[in-house]
Asks: 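Below: one structure in structure tokens.
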Protein chains: 2
Amino acid sequence: MTSADVTRSAIRVDSVEPLWSQAVAAVRMRVADGSLRPGMRLPPERELCLSLAISRVTLRKALLRLVDEGVLKPSHGRGWYVAGDEAKEWPNSLESFSETARRMGLVASSVVLRSEVAMATLDEAERLAIAPGTPVFHLVRVRKLDGVPIAVDRSLVPSHLAPRLDRADFTTASLYETLTRAGLDLVDAGSTIEATEADDDVAAQLGVAERRPILVMHQIVRDRAERPVLSSTIQYAGDRYRLRTFFARAGASSGPMSGFGVD
Amino acid sequence: MTSADVTRSAIRVDSVEPLWSQAVAAVRMRVADGSLRPGMRLPPERELCLSLAISRVTLRKALLRLVDEGVLKPSHGRGWYVAGDEAKEWPNSLESFSETARRMGLVASSVVLRSEVAMATLDEAERLAIAPGTPVFHLVRVRKLDGVPIAVDRSLVPSHLAPRLDRADFTTASLYETLTRAGLDLVDAGSTIEATEADDDVAAQLGVAERRPILVMHQIVRDRAERPVLSSTIQYAGDRYRLRTFFARAGASSGPMSGFGVD
DNA sequence: AAGTGGTCTAGACCACCCC
DNA sequence: GGGTGGTCTAGACCACTTA
């Protein structure tokens, strides 16, 4: 048995989770705990099939998913390799605030300015596709890195989707994790990103001069039924933060699409 | 035969393209030419397998890919549906400038300020992972929508990867398409997005006041060998443009990842 | 030539939706 | 209960890498 060995032990047949999903978790675990280090080659697919006791098709579905997440890299004729730190820290979507903090070795913290349920205004109701006046949980946080204010984050969640959110302490808790644990499955998100100037409110909260550049990201996250679950507006101090994204085409094969936002 | 019928005629066995990729193209064609309209249900998988003469596994690989591109939406127990215009215009990556123009019904054009080969500076060489002094193609364009200047786009391509780029007319041509046609396969891209102020150069080119907010997107596009092929820096007038992204988790199944940049 | 990933197949069974 | 997608399998053959 090599140290890169991945055994069946992690796979439970009676679980509701699909086998490929369990395989994803098993491999991800091995990468997280360090038994699979960046640059290492995984055992050949046919061996992994045996040790995980799943078919090759199922295994490959799992491995491809991990490519999508930036954990693995396939190399035709050579093998599957664990992605280096560079790529691993660049997920196949927008990097979240806490991920950024981890990557840079800084401590992320939040100051909660508002955490309460209030009636949805016309504007808020439209963004969340609910009726005006519906109870909505409002969360306003100043996000900090090593104590320095970086961004103001205003989030909205319809109360009937996740009751009692106002009892949670979002000084440390992650909103995304809290919603997931409440049984919501966030499957897709549309977002817009623009540059504006700081108004006096945001300038004061971030400790920058008025009219300084602000990076604004607005996001609507939906569940499997395409129901808006979360509306989030983050205003970053322009000279203190940079959004990062990474896009990879898994089974590319000369994709006919225009690409990654490049013409 | 229903109007949604997709026949084998489009699939050529002798082609180098994988069958699933050809199936993707066949379905995409039907959507593009209007024989499959938004909201319509596709024939059942088992029927499509017969008409395309491919196995169900292969067909599903193609359909899943189209979900990734925002063309289709699966519905367990009901069928596959053509995505509405809303979703279709939001690819699973950053929306490109011309896509934005199309969505908004505006005419995209470019003014080429510079199109020549020059030696790479230290900074440029580092970004492209080449030696300083290596010949690099420089392309500087002012991107316009309906004649209004929206952004300044500075792109760099190492000359040895695509010779004679300075002969092309990028007033109309797409750089991405030109590179693809030159045989380069752009498979992944890392990018950063930030907000800054307009310096006098950019302010003049965009016709805005100095120190006004600017949205800057920097991007490094790589080929299959992870070799940087294109470095692109786009500076958008803050009050004239908004970047749009859409992220979907195809086979989600309670993803354990933090999400879409949301905490 | 041997090893390894990439594509493809035919068929089975389960889970969900709707009549 | 019948139709439809979702998961899974065992095995075949091809393409790329390495020696």
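Letters go in sequence order (proteins before strands), and every chain restarts at 1. Values below: every heavy atom of this structure, side chains too, minus hydrogens, waters and symmetry copies.
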Asks: Side-chain N or O of A/Lys61 less than 4.0 angstrom from OP1 or OP2 on D/dC8?
Replies: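 The answer is no; no side-chain N or O of A/Lys61 sits under 4.0 Å from OP1 or OP2.
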Asks: Please report, rounded to the nearest Å, how far the P atom of C/dC8 is from the CZ atom of A/Arg60.
Replies: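 Taking CZ of A/Arg60 and P of C/dC8, I get 11 Å after rounding.
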Asks: To the nearest Å, how far apart are A/Leu64 CG and C/dG6 P?
Replies: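 The distance from CG of A/Leu64 to P of C/dG6 comes to 7 Å, rounded to the nearest Å.
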Asks: Taking side chain as C-beta onward, heavy atoms only, is B/Leu156 less than 4.5 Å from B/Leu230?
Replies: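 A side-chain contact under 4.5 Å is absent here.
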Asks: Check every atom of D/dG6, C/dC8, C/dG5 against the side chain of B/Leu19 and return the nucleotide holding the closest atom.
Replies: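 Looking only at heavy atoms from C-beta outward on B/Leu19, the closest nucleotide is C/dC8.
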Asks: Can you tell me how far P of D/dG5 sits from CG of B/Leu66, to the nearest Å?
Replies: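 Atom CG in B/Leu66 sits about 14 Å away from atom P in D/dG5.
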Asks: Starting from P on D/dC8, measure out to CG on A/Leu52 and report it in whole angstrom.
Replies: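 It is 12 Å, rounded to the nearest whole Å.
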Asks: Is there a donor-acceptor contact under 3.5 Å linking the side chains of A/His218 and A/Thr233?
Replies: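 Side-chain D/A pair, A/His218 to A/Thr233: present.
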Asks: For nucleotides 12-19 of chain D, just jot down a letter per nucleotide in 5' to 3' order: B, S or -, based on protein non-hydrogen atoms under 4.0 Å.
Replies: BB-BBSS-
Asks: Is the shortest side-chain N/O distance from A/Trp80 to OP1 or OP2 of C/dT4 below 4.0 Å?
Replies: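 The answer is no; no side-chain N or O of A/Trp80 sits under 4.0 Å from OP1 or OP2.
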Asks: Starting at atom CG of A/Leu42, determine the distance to atom P of C/dG6, rounded to an integer number of angstrom.
Replies: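 Going from CG in A/Leu42 over to P in C/dG6 covers 12 Å.
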Asks: What I'd like to find out is whether the side chain of A/His160 reaches to under 4.5 Å of the side chain of A/Thr134, using heavy atoms alone.
Replies: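 Yes. Closest side-chain heavy atoms under 4.5 Å.
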Asks: Can you tell me the distance, in whole Å, between the CG atom of A/Leu59 and the P atom of C/dT7?
Replies: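 The distance from CG of A/Leu59 to P of C/dT7 comes to 15 Å, rounded to the nearest Å.
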Asks: Mind calculating the distance between CG (B/Leu50) and P (C/dT9) to the nearest angstrom?
Replies: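 In whole Å, C/dT9 P and B/Leu50 CG are 12 Å from each other.
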Asks: Go nucleotide by nucleotide along DNA chain D from the 5' end; which of A/Thr58 and B/Gly79 gets its closest nucleotide reached first?
Replies: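 Its nucleotide being nearer the 5' end, the pick is B/Gly79.
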Asks: So what is the end-to-end bend of the helix from C/dA1-D/dT18 to C/dC18-D/dG1, with 5 pairs used at each end and the value given to 10 degrees?
Replies: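 About 20° separates the two local helix axes.
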Asks: What is the distance from CD1 of B/Ile54 to C1' of C/dG11, rounded to the nearest Å?
Replies: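 One finds 16 Å between C1' of C/dG11 and CD1 of B/Ile54, rounded.
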Asks: Within a strict 4.5 Å, meaning less than it, do heavy atoms of the B/Pro132 and B/Met119 side chains meet?
Replies: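 Heavy-atom side-chain distance check fails, nothing below 4.5 Å.
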Asks: Quick one: which residue pairs count as a side chain to side chain donor-acceptor pair (under 3.5 Å) with a foot in residues 54-64 of chain A, not counting sequence neighbours?
Replies: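 Listed by first then second residue: A/Glu45-A/Arg56, A/Glu45-A/Arg60, A/Ser55-A/Thr58.
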